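Numbering of ligands and ligand atoms starts at 1, following listing order. These figures come from a predicted structure and were not determined experimentally. Values below: every heavy atom of this structure, side chains too, minus hydrogens, waters and symmetry copies.
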Amino acid sequence: MQILDGKLLSQNIKKELHYEVENLKSAGKRPPHLAAILVGNDGASETYVNHKVKMCKEVGFESTLVRLDDNISEDFLLEQVSRLNTDDDVDGFIVQLPLPAHINERKVTLAIDPKKDVDGFHPVNMGRMMLGMSAYLPATPYGIVQMLKAYEVPTQGMHCTVVGRSNIVGKPMAVLMSRNHQFGNCTVTLAHSRTQCLKDHLLQSDIVIAAVGRPEMITADMIKEGAVVIDVGITRVDDASKKRGYRLAGDVKYKEVAEKCSFITPVPGGVGPMTVISLMKNTLKANQNLVYTS
Ligand code: GUN
């Protein structure tokens, strides 16, 4: 069994990005600039955004964090989006989700200029990805593809089951694994909360990508011998034995599943670090105008 070490891999990519930024600066160009809008004080969102800002610093990017109160109006948020759309100093930006209930997330996503949508959530980027055109890929699926590539995980002709149909992870992941590509060409099953006999599907799968957010729901008896298991889940589970009172759990019961796998991602240190670094890669692409060339 080989561990797919997202922490190590992301550190290597970080060095590459840092090197590219130095090259840009030596050529007299400004570094890539990512902006993030954070509305309210949700603890998890704050942690994620702080990771993104910190990573910008580490790779040498500029970053701007726009913090807004959770009682701002939808119109005010749309004005901020519009301002960033036309700010030539900002290459790409994200609006951290979820947004407060009184703000329509879809409306906000649609207001982002697809050319600056480094999250890849706008329907134009989703559509371009679906058609195999150059697009900003959503960071988590993009990070997983890079991990498969770096570890030369065989995917051609394999049966891949993606568990979870979120717009951010499950759906785009299923598209990427089925595309005609060296790290795709899978036969894909997209399983979700209404799927019957999940275990039967999983036992036929060479690759399992779990993105549900239900701690340790995938157990060893559900996994085929030699399968590749990618765990996107990361949930805080109460644990009195820990100083901070909780531990982080993936969707996969790691210890017992690892014994059956050819490759597996740990939680933490697997998919998480790859997600943040992939957002940086998208921001560099935005700075270089590499996506909307055709
Ligand atoms: N909320 C959870 N994941 C993400 C992400 O990748 N981007 C944004 N904007 N919000 C999120």
Note to self: Check Glu79 with Arg83, please: is the shortest side-chain N to carboxylate O separation under 4.0 Å?
What the structure shows: no

Check: Taking 4.0 angstrom as the limit, do Arg247 and Glu216 come out as a salt bridge?
Finding: yes

Note to self: With no hydrogens and no angle check, just 3.5 Å: does a side-chain donor-acceptor pair link Gln182 and Lys149?
What the structure shows: no

Could you check ligand 1 for N or O atoms lying under 3.5 Å from protein N or O atoms and list the pairs with distances?
{"from": "ligand 1", "atom 1": "1 (N)", "to": "Gln96", "atom 2": "NE2", "distance (Å)": "3.3"}
{"from": "ligand 1", "atom 1": "1 (N)", "to": "Leu97", "atom 2": "O", "distance (Å)": "2.9"}
{"from": "ligand 1", "atom 1": "7 (N)", "to": "Asp119", "atom 2": "OD1", "distance (Å)": "3.2"}
{"from": "ligand 1", "atom 1": "7 (N)", "to": "Asp119", "atom 2": "OD2", "distance (Å)": "3.2"}
{"from": "ligand 1", "atom 1": "9 (N)", "to": "Val95", "atom 2": "O", "distance (Å)": "2.8"}
{"from": "ligand 1", "atom 1": "9 (N)", "to": "Asp119", "atom 2": "OD2", "distance (Å)": "2.6"}
{"from": "ligand 1", "atom 1": "10 (N)", "to": "Gln96", "atom 2": "NE2", "distance (Å)": "3.4"}
{"from": "ligand 1", "atom 1": "10 (N)", "to": "Leu97", "atom 2": "N", "distance (Å)": "2.9"}

Margin query: The criterion is salt bridge (charged side-chain N to carboxylate O under 4.0 Å, His left out); which residues satisfy it with Glu16, sequence neighbours excluded?
Written below: none

Next item on the list: Indicate yes or no: does Glu46 engage Arg67 in a salt bridge with an N to O separation below 4.0 Å.
Entry: yes

Note to self: I'd like to know if Arg30 pairs up with Asp91 as an ion pair, taking the criterion as any Lys NZ or Arg NE/NH1/NH2 lying under 4.0 Å from an Asp or Glu carboxylate oxygen.
What the structure shows: yes

